[in-house]
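All of these numbers come straight from a predicted model, not from anything done at the bench.
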Amino acid sequence: MTTEPSADAAGPRPRRRRLPLWLVAAVVVVALPATGLLPAPDARDLLVRTGPVLVFLLAITVIAELCAGAGLFDAVAARAARLARGRRLVLWGLVVLLATASTIVLSLDTTAVLVTPVVLALARRTGTRPLPLALTVLALANTASLLLPVSNLTNLLAAHRFGTGYVGVMWAPALAVLAVTVLVLLVLHGRDLRGRFTLAGAGPTPPDRLLLRLTASVVGLLAVAFALELPVAPTALAGAAVLALATWSRRVRPLVPVREMLPWRSALVVAALFVLVETWHAHGLGDLLATVAGTGAGPGDLAQLAATGVGAANLVNNLPAFLALLPAAGESVDRLATLLVAVNAGPLITPWASLATVLWWQQYRRHAFEHGPPPAWHVVRQGLVLAPLAVAAGVAVVAFG
């Protein structure tokens with residue numbers, strides 16, 4: 001008599017391999033237009049509107065990685081630690097400036113990926129509790145992303161709809177959101193920012209000081225170009241080319257392999273979101289959302305649209321929420337500005353509310369290993385307090401400004 005081996009004796013079952021998300025995204029991008037579910041004219045219009053945005057996403061990521069490889073973020077953090085002169089509250093204020101500048105010029109995802117580990121290392125050097133500094137970066141990666149078109153992909157998608165120029169409309173609500181953010185963060189974390197610190201160690205040394213100075217100059221020029229609202233895709237491509245050539249000529253090895261520098265997987269996922277939402281709009285999604293988001297431009301109507309945007313961003317994600325609600329903004333500049341305030345400053349509550357928030361969670365787990373993962377309640381609590389106040393401030397400026 002023979003007996004079959006038990007499941008335990010046969011060893012562990014092989015784990016099922018999941019399809020990578022980028023592969024699913026590639027199928028969506030190809031299949032929906034090919035099958036006609038996304039009509040050809042709509043597909044062509046979508047390509048014209050979003051193609052430059054995807055090119056910018058690729059180029060700005062390369063710029064950010066080359067800045068990190070040149071030691072720019074480390075150098076700024078080290079300078080901040082020296083300028084603080086042992087005062088923990090001043091150090092926090094300089095972290096606010098670093099995260100804000102990074103978000104405005106290099107986008108919110110850059111801040112989440114590259115500024116978060118720098119700030120955590122700074123916390124270790126200064127003996128500062130890391131979570132308040134990291135939560136500050138998380139908040140500003142989202143709420144500081146309103147000032148320039150390049151600060152957030154949502155801004156890039158909307159910029160052409162502002163007849164008088166994006167910055168001319170958005171600077172006031174952007175500053176209102178930023179001011180409320182800083183004030184709320186100070187109230188929430190002020191207790192941990194008291195006292196003085198002593199710097200431990202000399203900090204990281206830049207691989208090449210000439211490359212560091214050149215990189216800082218290029219970033220400064222990019223900031224000016226973006227503020228002047230020059231075409232973002234060619235501007236970012238030019239900046240990436242200059243930094244790549246400088247890095248190669250100075251024989252500095254990037255922090256990540258060149259083949260991994262282009263975020264093509266993320267670009268595919270973003271493209272799939274574009275195609276999916278455009279397909280839904282082709283089949284009547286806009287009419288459904290208009291009943292929820294309203295249509296007017298009065299203060300109550302703007303508040304209704306903002307609440308819908310914040311809820312959708314935290315329920316799903318801010319990028320598909322913006323794409324879905326964009327037609328509900330109509331031709332009204334005030335409604336468009338309100339929607340941007342909601343989906344940029346509002347996705348602070350759930351871990352998936354924005355790509356920057358997802359990336360921040362990953363970076364915190366990776367670099368704050370001695371402290372464990374971020375306590376979820378602290379993140380949610382900050383979002384529950386900050387998101388409504390920041391969004392309300394921005395919408396108030398749009399409605400009454």
Side-chain angles (χ1 to χ4, degrees), residues 16-66 106-114 141 145 149-159 232-234 236-237 239-241 244 254 256-283 285 312-313 316-324 326 343-344 347 351-363:
R16 292 183 179 179
R17 297 185 64 183
R18 297 180 179 178
L19 283 176
L21 184 58
W22 65 265
L23 182 57
V24 176
V27 171
V28 169
V29 169
V30 174
L32 292 182
T35 59
L37 288 173
L38 178 61
D42 293 341
R44 286 193 293 269
D45 177 65
L46 180 67
L47 179 62
V48 170
R49 286 187 287 116
T50 63
V53 175
L54 294 173
V55 171
F56 169 79
L57 172 64
L58 296 170
I60 201 66
T61 304
V62 171
I63 289 172
E65 292 289 358
L66 292 173
L106 296 176
S107 87
L108 71 170
D109 299 334
T110 294
T111 300
V113 173
L114 297 177
S145 66
V150 299
S151 307
N152 200 315
L153 290 184
T154 55
N155 304 348
L156 285 175
L157 292 166
V232 295
L237 284 172
V256 298
V258 174
R259 66 180 180 276
E260 297 179 11
M261 202 171 284
L262 276 176
W264 59 271
R265 297 177 183 85
S266 298
L268 266 178
V269 173
V270 172
L273 290 174
F274 291 159
V275 172
L276 273 172
V277 176
E278 190 71 16
T279 302
W280 290 336
H281 277 303
H283 295 277
L285 177 66
V316 185
N317 178 271
N318 71 326
L319 186 55
F322 172 78
L323 292 170
L326 184 56
V343 299
N344 287 16
W352 56 83
S354 72
L355 178 58
T357 303
V358 173
L359 295 171
W360 177 89
W361 279 83
Q362 294 174 350
Q363 292 299 314

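Taking Pro351 as the reference, Trp361 meet the side-chain contact (heavy atoms from CB on, under 4.5 Å) condition, with sequence neighbours excluded.
Closest of all the heavy-atom pairs between Thr61 and Met261 is CG2-O, 3.8 Å. Taking each heavy atom of Phe56 and Ala236 in turn, the nearest pair found is CD1-CB, 3.7 Å. When every heavy atom of Leu37 is checked against every heavy atom of Thr279, the shortest pair comes out as O-CG2, 3.6 Å. In this structure, Leu66 and Ala244 approach most closely via the heavy-atom pair CD1-N, 3.5 Å. Residues Pro149 and Asn155 come closest through the heavy atom pair O-CB, 3.2 Å. The nearest pair of heavy atoms linking Asn317 to Leu355 is ND2-N, 3.8 Å.
Rounded to the nearest 0.5 Å, atoms CG (Leu273) and CG (Leu153) are 10.5 Å apart. Separating the CG atom in Leu323 from the CD atom in Glu278 is a distance of 8.5 Å, to the nearest 0.5 Å. Taken from CZ in Phe274 to CG in Leu157, the straight-line distance is 4.5 Å, to the nearest 0.5 Å. Separating the CZ atom in Arg265 from the CG atom in Leu21 is a distance of 11.0 Å, to the nearest 0.5 Å.
Panel note: side chain Ser354, backbone Thr357; a donor-acceptor pair is recorded below 3.5 Å.
When the options Leu46, Val270, Thr50, Leu47 are evaluated for a side chain to side chain contact (heavy atoms under 4.5 Å, CB included) with Val275, the one that passes is Leu46.
Between Asp109 and Ser107, the side chains place no donor N or O within less than 3.5 Å of an acceptor N or O (distance only, hydrogens not considered). Side-chain contact of Asn344 with Thr154: a donor-acceptor pair under 3.5 Å is present, judged by distance alone.
A heavy-atom distance below 4.5 Å is not found between the side chains of Ile60 and Val150.
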* To do: Might you work through the side-chain contact (heavy atoms from CB on, under 4.5 Å) test for Leu106 and Thr111, ending with a clear yes or no?
  => CA-CA 8 Å; Leu106 296 176; Thr111 300; over 6 Å; no

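The salt bridge (Lys or Arg N to Asp or Glu O under 4.0 Å) pairs that include a residue from residues 29-45 are Asp45-Arg49, where partners are two or more places apart or lie in different chains.
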